[in-house]
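Input: a single structure, listed below in structure tokens.
Proteins come first, then strands; the chains are lettered A, B, ... in the order of their sequence lines, and each starts at number 1. Computed from a predicted structure; not experimentally measured.
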There are 2 protein chains.
Amino acid sequence: MAETNSTNDAVRVGTQAQEVAGLLIGDIISGRLSQGSRISEPELSRKYGVGRGPLREAILKLEGAGLVVRAPHVGARVVTLTQTELSEIFAVREALEGMAARLAATRMSDQQLLDLESLLKTHASHIHEHSGQSYIDQEGDLDFHYRVINGSCNQRLIRSLCDELYHLIQMYRKTSGRRARPEEALAEHQMIFKALKDRDGELAEMLMRRHISRARREIEQFIDSNNQPMS
Amino acid sequence: MAETNSTNDAVRVGTQAQEVAGLLIGDIISGRLSQGSRISEPELSRKYGVGRGPLREAILKLEGAGLVVRAPHVGARVVTLTQTELSEIFAVREALEGMAARLAATRMSDQQLLDLESLLKTHASHIHEHSGQSYIDQEGDLDFHYRVINGSCNQRLIRSLCDELYHLIQMYRKTSGRRARPEEALAEHQMIFKALKDRDGELAEMLMRRHISRARREIEQFIDSNNQPMS
DNA sequence: AACAAAAATATTGTAAACAATTTCTATGGC
DNA sequence: GCCATAGAAATTGTTTACAATATTTTTGTT
């Protein structure tokens, strides 16, 4: 009768190291492990119930993703994003995701476009109902961008954006209780969608770049207004 | 005297894992470990004279860089680049390095520009002397691109390009004995340099994108002409 | 002889013990 | 009272041994 594994999770999907890496990523991008937190091997080893070997592998993986930084003989910490680094991330994201939008305009299937359209409708109704709060804002935004990125059909591009940059962006969003602007974002998403539907790659790229550039400026502004009273 | 370390290398700079990772990268991008080669832990553990722990860490690191692929309980292999993957890499490189050129146009110091100019002069004389062969072609090309990338002053961009994409490109260049076209490349480098010197970011980006796009088409052509007789 | 199944081998994944380095703490001197 | 230094504790780096999985070889059957 449903003999479970050693952990109370579902059946083991891969190796312990992979599982712990997933848990660690979740703890970081959810904010349970805040920026700059020490990653103690013995402590987390006990917490996750695995040996130090698999845990070290997980840490190594996260280091490759840029979520933690390590110093020899000193240990690992959750990365601390400065404003400069966050701006750099968004600058790279702008170039990469602009390219993704351009490719997606010619490569997305009709079905993918229909799905994207219904996603936007769902998002719109949620905004009207709850007058622009709730989790759907962050998640919906992510969902839209993930679909466009995947629509590019460029595996390397997908990996760079989803496995590296977006983890960092999610981490920042959670740790800084910044309020998004769902109405404006939705309007921009709808314009991007129209360009995709029209198979207009140039326009899709330009709109996506402006969309991300706008988000970057908001963040820079937010940080500025928050750093001031902390001095 | 000069009491050396356990290995005959210079003094240990970091940890064994880091050192082995460097050696592994060297073996891969030099072609000593060709594409698709098995990465046997016991074998390489003996070869490099370290335990399996540090070697595994090195493999993990290379997996993060995209140089090796791992399968659970099966092992690691040097990545095999298909034409599709190579095209994808160059597409991403085009977007990223175009951005780097645009940023470099406004951010490179006058001294950096002078150094870049002298590098191009050195490169030109080498081509005229040896009529376009010798190692300087590959190395010189890399050197030029590295300087422009670093001129962007965007650390994340630098890391993406130098630590991930360029390793893969170097690997491909070595394993496929493809001949470069140093004269054409130099001419294009000189045009890019002029745009940088004029602080014309838009032009620098466009020229860099065309330069890389051209290289991509050459590679695609080369692969096509090589894959045909192998069918 | 060819195929399938089962045992043997080898390799990877994991845990535990040891070594080396760093960090914290306490003691002594100024 | 403060700083420097020496020792102790804790953590990371590394090796070794063990367990689990995959691959290969062997053996038996059709």
The side chain to side chain donor-acceptor pair (under 3.5 Å) partners of B/Ser87 (sequence neighbours excluded) come to B/Glu220
Strand contacts (DNA chain C) in residues 56-72 of chain B, 4.0 angstrom heavy-atom criterion
B/Arg56, B/Arg70, B/Pro72
B/Ser118: side chain to side chain donor-acceptor pair (under 3.5 Å) partners, not counting sequence neighbours
none
Do any side-chain atoms of residues 92-105 of chain A form donor-acceptor pairs under 3.5 angstrom with protein atoms, and if so which ones, sequence neighbours left out?
from: A/Arg93; atom 1: NE; to: A/Glu97; atom 2: OE1; distance (Å): 2.9
from: A/Arg93; atom 1: NE; to: A/Tyr166; atom 2: OH; distance (Å): 3.3
from: A/Arg93; atom 1: NH2; to: A/Tyr166; atom 2: OH; distance (Å): 2.8
from: A/Glu97; atom 1: OE1; to: A/Tyr166; atom 2: OH; distance (Å): 2.8
from: A/Glu97; atom 1: OE2; to: A/His145; atom 2: ND1; distance (Å): 2.4
from: A/Glu97; atom 1: OE2; to: A/Tyr166; atom 2: OH; distance (Å): 3.1
from: A/Arg102; atom 1: NE; to: A/Glu205; atom 2: OE1; distance (Å): 2.6

Can you sort out the partners of A/Glu41 under side chain to side chain donor-acceptor pair (under 3.5 Å), two or more places apart, ordered by chain and number?
A/Arg52, A/Arg56
Could you tell me the separation between the CG atom of A/Leu55 and the C1' atom of D/dT12, rounded to a whole number of Å?
12 Å
Which residue lies toward the 5' end of DNA chain C, A/His73 or A/Pro54, if each is placed at its nearest nucleotide?
A/Pro54
Between the protein and nucleotides 5-7 of chain C, are there any N/O to N/O pairs under 3.5 Å, and if so, what are the atom names and distances?
none

Atom CZ of B/Arg52 and atom P of C/dT14 are separated, to the nearest Å, by 11 Å
What salt bridge (charged side-chain N to carboxylate O under 4.0 Å, His left out) pairs are there with at least one residue in residues 144-167 of chain B, not counting sequence neighbours?
B/Asp143-B/Arg147
For A/Ser176, which residues count as a side chain to side chain donor-acceptor pair (under 3.5 Å) partner, sequence neighbours excluded?
none
List in chain and number order the residues that pass ring pair (Phe, Tyr, Trp, His ring centres under 6.0 Å) with B/Tyr172, two or more places apart in sequence or in another chain; answer none if no residue qualifies.
none
Here the distance between atom P of D/dT12 and atom CD of B/Gln16, to the nearest Å, is 18 Å
Base, sugar-phosphate alone, or nothing: which one does A/Gly53 contact when heavy atoms must sit under 4.0 Å apart?
nothing
Test of understanding: with side-chain contact (heavy atoms from CB on, under 4.5 Å), list the residues that count as partners of B/Thr80, not counting sequence neighbours.
B/Gln35
Does any non-hydrogen side-chain atom of A/Ile89 lie less than 4.5 Å from one of A/Leu81?
yes
With side chains defined as the heavy atoms from C-beta onward, is the minimum distance between A/Arg70 and A/Leu60 less than 4.5 Å?
yes
Are A/Thr15 and C/dT12 close enough that a side-chain N or O sits under 4.0 Å from OP1 or OP2?
no
If you take any heavy atom closer than 4.0 Å to DNA chain D, which residues from residues 34-47 of chain A end up in contact?
A/Arg38, A/Ile39, A/Ser40, A/Glu41, A/Pro42
Separation of D/dT14 C1' from B/Gln18 CD (nearest whole Å):
14 Å
Apply salt bridge (Lys or Arg N to Asp or Glu O under 4.0 Å) to A/Arg217 and list each qualifying residue two or more places apart in sequence or on a separate chain.
none
